[in-house]
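Comments concern the structure below.
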Amino acid sequence: MDQKNWYHMAAAESAKTQGVVPAQGLTWEEVGARREKYGPNELTEKRSVSLIALFFNQFKDFMVLVLMAATLISGLLGEYLDAITIIAIIVMNGVLGFIQEFRAERSLRALKELSAPTAKVIREGELVLLAARELVPGDIVLIESGDRIPADIRWIEANSLYVEESALTGESVPVGKHTDALQEGEVPLGDQKNIGFMGTMVTRGTAKGIVIRTGMETEMGKIADLIQNTDTMETPLQHRLEQLGKILIAVAIGLTIMVVVAGIMHGQPPYAMFLAGVSLAVAAIPEGLPAIVTIALALGVQRMIKRKAIVRKLPSVETLGCASVICSDKTGTLTQNKMTVTHVWLGGDVLEVTGDGYEPSGQILSNGALVDLRQNQSLRRLLQIAVLCNNAHLHEEIPEQKRKAGKGPVKPVYSIKGDPTEGALVVLGAKAGITRHSLDGLYERKGELPFDSDRKRMSVLLQHQGGRLLFTKGAPDVVLEKCSYVLWDGKVIPFTPTLKQKVIAANEGMARSALRVLGLAYKELKPSDREDTTHILENQLVFVGLTGMIDPPRKEVRDAIQTCKRAGIKTVMITGDHQSTAEAIARQLGMVPQNGMSMNGQQLNALSDDELDEKSDHVYVYARVSPEHKLRIVKSLQRKGHVVAMTGDGVNDAPAIKAADIGISMGITGTDVTKEASALVLSDDNFATIVSAIEEGRGIYENIRKFIRYLLASNVGEIMTMFLAMMMGMPLPLVPIQILWVNLVTDGLPAMALGVDQAEKDLMQQKPRGAKENIFARRLGWKVVSRGILIGVCTLAAFWITLQQNPDSAEGLVRAQTVAFATLVMAQLIHVFDCRSSRSIFHRNPLQNKYLVLAVISSVVLLLGVLYIEALQPVFKTMALGFDEWLITLVFAAIPTFLFGLGSILTTQRRKRRKLVSGYRSNTAAR
């Protein structure tokens, strides 16, 4: 049966279509036949990969296979420390990858937990309690407050029924349900008031309904299918590192073969050249790169936890850095998820209500001045109605951890138990000192005429000082119809058409500002008024005023969105709420530029994928959308070349979160389904935390680029030293053990220290890098090659100059090789400070990163140990150096870094002069 037809059908027609009499239900025989046809009422999983296969899949990567070969070669050379290190790196990366993939597959299991365990069903005229998985289409189900709906149901009876559907639709307020057929064409999920959806929770009332969809055919089932069939995006970092590994290995092996061949052609012993070549290959392949990337990401994760962002998948940290669009849910992320009265209309005046969320510390102001309740009887009466015609409660509690700390005054935390709209009215009264407790001795509740979707109002009967009162609240148009009088300046006067028009105009003005408006009225009952005559009691009321409430934006979000704009990141709101409300919040937050558009779910349905792609760059607000819509929006933005971060808290967000480049879920309000599908969890549910995480992600990526620049320039320097020497027919400037030692000492600690380097100041002023940007972009490739070649040339020059002092003796060769060895190490250790800046060594304080300073000092001490400890000299083929040798070493080691640093300063000065000249010419032309 087509989904659209169910909400268009009358209740009786739905029963007829399903072939069931509601009073009798299905027969057991019919149930058996339908179960054969439709299967059990449960969400099914695809066959998953076994845990063993999942673990061994982590070792199929090309870079991992090459590292395994490097392990074998290191072992054959007797370099057991290198071999053990590489094995540890391989296993660590494999375990991390296994954990991430295993956790990613748990999202469907979390979704299944939202299914109701049992259901009350009428079968053959009897009420039976069954496991929810036993339901079939056509079953008659009874539902009451607190139940989780076990399948998709068409309501045929509904008594004051309200269902909390935020997990599915994103709308924060419980939805009133009814049994009437809907006449509109295509109706979004949030407006299908005669349908109940699997997994949603009944907050008030009772109902009877016909099961229309079960299992994977339900709206929840469709989400499960989307989650299973949505591919998790490979992060840009994973893709780039895989490409980089292949390129480096091919280049390193090619150059190494050339060095070996050239050495043999110039008369070097083949065995010595083979050992030197293999050592050079092991040194040139950056086997430490995966480990350093993992460590940099892990340390970044620790910093992000302090900033309220919990990372579930390591590589996604870096992906944040290149996010160009953030798609954010509205409720609870951009807003506080706390309905708050912000305006009161009373006797022709609009009063402003201050304060945040549920804290009763705000004030009620008129033209900026505090309203005195003793002089404003109309406001006093309005607040009494707001507090007493109400079933919500304001709770005050002190968090356990703060109570235990016992340091100074502890700020209480306030929460609402009950309907959020009623909670807003309770808080409004508390801000003026009027609470249910303060009114207990004056008013006693005697009865209630409950709110429902037909009446659209609620009334309570109260005993007060020997008389009786009726307090009423509800939809303004409904309440106005019941009013014959109005409380104006503290006096009850006839409600003339002119005064009524003023109220209608005030209601429309509040609605245009996306406020949820309630009308409040009262009546002094006569002794003859009977409590069971509702139509008489709720007539000839005295209208008091209007309250306008909204889920207000978080204070810090507006600044966070402006930071995003400066960083070149577009923010898009995607919500299940009404379009007018979404647009109003977006305007308050400064999200929508002058030419920005908004779109609702129906408009989205009318567009093809190509048409959506044309418009998606200009749309900033999507309202009244379904899970399928959210997925379409994310994929459209990705087709446009964006790196998309998607945030959300409900089940309806899970497919889009999984499909996004970086999925972000809410830690407080988020469902387990959403958390399992996401890569990042916000422990404070705050949009501003996303911006902090993006800044951290950008910093991590820049640090990864820094140590890639350092490692590769060092490796190029080592290869060029050997390559040029062989091409020129010179003796070996470095022996195999020295090459491996340089690789171990200079590639380890300094590279790791770069991984925790501080970010540069203008990091969040830059536009996000493109998703397809090469890791060598922004002149990184030039810096690697130019510095590497110069390090190699300078090392070889130091070797040649030293060798000329005693060219024919074995001692002279050892001295020259020791100088080359020391020059290469020192050149790399000086160059590491240059890698901290995108410009040059002179643009940042070299002592700012204390870990780097300690790492360099450690490497220098290790170098001195190899040179001056007599027991190590025969092992590493070194000897002690004198002052002259150290002078040659330090001068040639410093040349690569300081030469390019001076060049950068001169280039910067030239640019400044050009700007000055250009500005002068422009001013002259203008005059």
Side-chain angles (χ1 to χ4, degrees), residues 276 279-280 283 710 713-725 728 730-750 786-807 809-835 841 846 852-853 855-870 872-902:
S279 301
L280 197 57
Y710 170 66
S714 299
N715 290 355
V716 169
E718 293 164 26
I719 291 173
M720 290 309 298
T721 301
M722 299 293 286
F723 180 72
L724 292 174
M728 296 168 67
M730 297 170 68
L732 280 176
L734 299 166
V735 297
I737 189 68
Q738 291 172 347
I739 296 172
L740 292 170
W741 193 92
V742 170
N743 185 53
L744 183 66
V745 173
T746 61
D747 286 5
L749 292 176
S786 60
R787 272 61 163 185
I789 290 174
L790 197 53
I791 287 171
V793 168
C794 288
T795 300
L796 196 59
F799 169 75
W800 184 79
I801 290 171
T802 309
L803 186 63
Q804 295 310 301
Q805 296 172 10
N806 197 355
S809 70
E811 183 183 343
L813 178 59
V814 171
R815 186 178 300 278
Q817 286 174 333
T818 305
V819 168
F821 173 51
T823 303
L824 184 61
V825 171
M826 292 306 299
Q828 292 182 11
L829 295 180
I830 294 170
H831 174 244
V832 75
F833 292 102
D834 188 35
C835 295
I841 194 171
L852 183 60
V853 173
V856 169
I857 290 172
S858 301
S859 295
V860 170
V861 169
L862 289 171
L863 171 64
L864 295 176
V866 170
L867 298 185
Y868 291 99
I869 296 174
E870 290 185 7
L872 296 177
Q873 288 174 349
V875 177
F876 288 94
K877 309 293 190 291
T878 58
M879 60 187 300
L881 299 180
F883 176 80
D884 291 344
E885 287 88 2
W886 272 112
L887 185 62
I888 293 170
T889 295
L890 294 176
V891 168
F892 280 100
I895 286 173
T897 296
F898 287 93
L899 184 65
F900 281 104
L902 290 171

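- The distance from the CG atom of Leu863 to the OG atom of Ser858 is 12.5 Å, given to the nearest 0.5 Å.
- Proximity of Phe892 to Leu790: side-chain heavy atoms (C-beta onward) are nowhere separated by under 4.5 Å.
- The shortest side-chain heavy-atom distance between Val825 and Ser859 does not fall under the 4.5 Å cut-off.
- No side-chain heavy atom of Val735 sits less than 4.5 Å from a side-chain heavy atom of Phe821.
- Interatomic distance, CZ of Phe799 versus CG of Leu813, reported as 5.5 Å (0.5 Å rounding).
- Counting all heavy atoms, side chain and backbone alike, Pro846 lies closest to Phe833 at O-CE2, 3.3 Å.
- Note on ring orientation: taking the six-membered ring where Trp is involved, the planes of Trp886 and Tyr868 are parallel (angle under 30°, cut-offs 30° and 60°).
- Note on ring orientation: taking the six-membered ring where Trp is involved, the planes of Tyr710 and His831 are parallel (angle under 30°, cut-offs 30° and 60°).
- Rounding to the nearest 0.5 Å gives a distance of 12.0 Å between SG of Cys794 and CE of Met720.
- In this structure, Gln873 contributes its side chain and Val866 its backbone to no donor-acceptor pair below 3.5 Å.
- Heavy atoms only, all atoms of each residue included: Thr878 and Thr818 are closest at CA-OG1, 3.4 Å.
- When all heavy atoms of Arg815 and Leu881 are compared, the closest pair comes out as O-CD2, 4.4 Å.
- Interatomic distance, CG of Leu734 versus CG of Leu796, reported as 9.5 Å (0.5 Å rounding).
- Between Pro731 and Ala725, the shortest heavy-atom contact is O-CB, 4.2 Å.
- Annotation: side chain of Leu732 is in contact with side chain of Gln817 (closest heavy-atom distance under 4.5 Å).
- Within the structure, the side chain to side chain donor-acceptor pair (under 3.5 Å) test picks out the following pairs touching residues 793-807 (sequence neighbours left out): Asn806-Ser809.
- Looking only at distances, no side-chain donor or acceptor of Glu718 sits under 3.5 Å from a matching main-chain atom of Ile739.
- The shortest non-hydrogen separation linking Ala893 to Thr823 is CB-O, 3.8 Å.
- Once rounded to the nearest 0.5 Å, the distance linking CG of Leu862 with CD1 of Ile857 reads 12.0 Å.
- Closest approach of Gly792 and Thr721 over heavy atoms only: CA-OG1, 3.4 Å.
- Interatomic distance, CG of Leu724 versus CD1 of Ile719, reported as 11.5 Å (0.5 Å rounding).
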